[in-house]
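What follows is a set of notes on a single structure, which appears directly below.
Every chain is numbered from 1, with letters handed out A, B, ... down the list of sequences.
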Amino acid sequence: MTLADEAIAWYQANARDLPWRQPDTTPWGVLVSEVMLQQTPVVRVEPAWRSWMTRWPDPAALAADPVSEAIRMWGRLGYPRRAMRLHACAVAIVDRHGGRVPDDLDQLLALPGVGTYTGRAVATFAYGQRHPVVDTNVRRVVCRAVEGKPDAGPTTTAADLTAMEALLPEDEERAAKASIAFMELGAIVCTARSPKCADCPFHDVCAWRLRGEPLPEGPSRKPQKYAGTDRQVRGLILEVLRHATAPVPRQRLDLVWNDDLQRARALSGLVEDGLVEPLGEHDFILAGDAPRGEIQPL
DNA sequence: GACTCGTGGGA
DNA sequence: TTCCCAAGAGT
């Protein structure tokens with residue numbers, strides 16, 4: 001039994017029942033799930049995915065609505081630029097591919113918001129192709145089980161893809177299953193903190209466990225701060241605009257943060273990113289929103 | 001490569 | 001409470 005065989009057998013007995021894994025899920029549904037899952041935990045993605053797919057069951061439906069609606073529906077999933085890019089992605093799919101999610105990896109990678117991970121994930125999980133699909137989970141599993149190190153580097157490298165490629169079965173269908181199995185293993189067994197090695201199919205062969213599960217050496221990554229950052233201020237501003245039914249005066253946005261300089265920087269950043277649009281002299285709206293009704297100063 | 005970009009929940 | 005981190009992408 002190879003590692004892939006062990007992983008596949010384990011997956012078939014232990015996989016979570018997630019909605020985007022249902023056999024009737026479309027490639028669009030897979031794509032939406034993958035984008036939502038970029039840095040957002042499964043538990044928060046699940047209800048959001050259901051709502052999104054109900055409202056926009058295919059790329060053409062999303063492309064027909066303004067991007068502001070996508071930003072609103074995104075809610076509090078975080079990193080709202082993903083909502084903007086997913087909308088742009090839907091538009092591109094309609095324009096370039098007749099509304100059908102492409103099955104070619106290079107065409108997928110050319111879409112907005114689709115990077116090394118997401119492109120391969122869609123080609124593999126939606127179309128059953130054979131590609132190494134490497135996310136943070138896979139990196140951790142391979143790093144531990146094969147290399148015997150406690151944790152992988154912060155970003156996916158070409159070496160990570162090569163390492164995973166070497167573990168994939170030749171058969172296309174089994175390769176796809178192996179990819180999802182490695183990911184699932186990292187997500188629920190070989191976790192970053194307190195891995196459940198007793199439940200792991202690699203228990204007897206894992207290089208990291210055989211070495212006595214050494215701890216990571218130095219500070220692995222720099223601490224991720226949020227409080228007081230521009231990201232927090234952007235989040236506060238966008239939260240106001242998401243709920244607005246009319247253009248929002250700057251004075252209303254001034255209430256969300258007391259540091260004038262930082263607030264101005266956050267707001268102009270949102271405008272530069274295309275999430276927010278100035279309207280007239282002193283109002284702001286979610287990008288793509290049609291101004292309607294009277295100004296309601298809250 | 002190093003940085004930026006949200007949000008929330010569990011240890 | 002504080003810290004960590006969760007299916008990354010783009011610059």
- Item | Partner of A:Arg265 by salt bridge (Lys or Arg N to Asp or Glu O under 4.0 Å), out of A:Asp230, A:Asp259, A:Asp260 | A:Asp230
- Note on the structure: Whole-Å distance, A:Tyr79 OH to C:dA6 P, equals 13 Å
- Whole-Å distance, A:Tyr117 OH to C:dA7 C1', equals 3 Å
- Query: Can A:Glu239 and A:Arg76 be counted as an ion pair, charged N to O under 4.0 angstrom?
  - Reply: yes
- Query: Are any of A:Arg76's side-chain N or O atoms less than 4.0 Å away from OP1 or OP2 of B:dG8?
  - Reply: yes
- Task: Could you tell me the separation between the NZ atom of A:Lys225 and the C1' atom of B:dC3, rounded to a whole number of Å?
- Result: 15 Å
- Under-4.0 Å side-chain N/O to phosphate OP1/OP2 contact, A:Thr118 with C:dA9: yes
- Item | Base B:dG6 paired with A:Thr229 side chain (donor-acceptor, <3.5 Å) | no
- Select from A:Arg21 and A:Arg85 the residue whose nearest nucleotide in DNA chain C is closer to the 5' end of that strand. A:Arg21
- Query: Would you say the base of B:dT7 and the side-chain of A:Arg44 have a donor-acceptor pair closer than 3.5 Å?
  - Reply: yes
- Message: Work out how far the P atom of C:dA7 is from that of B:dC5, and round it to whole angstrom.
- Response: 22 Å
- How long is the line joining CZ of A:Arg139 and P of C:dG8, in whole Å? 8 Å
- Task: Starting at atom CE of A:Met36, determine the distance to atom C1' of B:dG6, rounded to an integer number of angstrom.
- Result: 15 Å
- Query: Just to confirm, is there a sub-4.0 Å distance from OP1 or OP2 of B:dC3 to any side-chain nitrogen or oxygen of A:Arg231?
  - Reply: no
- Closest of C:dA6, C:dA7, B:dG6 to the A:Glu34 side chain is C:dA7
- Report the nucleotide, chosen from B:dG6, B:dT7, C:dA7, that has the shortest atom-to-atom distance to any side-chain atom of A:Pro80. B:dG6
- Query: Do the side-chain N or O atoms of A:Arg81 get closer than 4.0 angstrom to the phosphate oxygens (OP1, OP2) of B:dG6?
  - Reply: no
- Query: Is a side-chain donor-acceptor pair under 3.5 Å present for A:Glu34 with A:Tyr117?
  - Reply: yes
- Item | A:Gln39 CD to B:dT7 C1', straight-line distance once rounded to whole Å | 11 Å
- Message: Say we look at B:dG6 and C:dT11: how far apart would their P atoms be, to the nearest angstrom?
- Response: 15 Å
- Across the strands shown, which category fits A:Arg193 at heavy-atom distances under 4.0 angstrom: base, sugar-phosphate, nothing? base
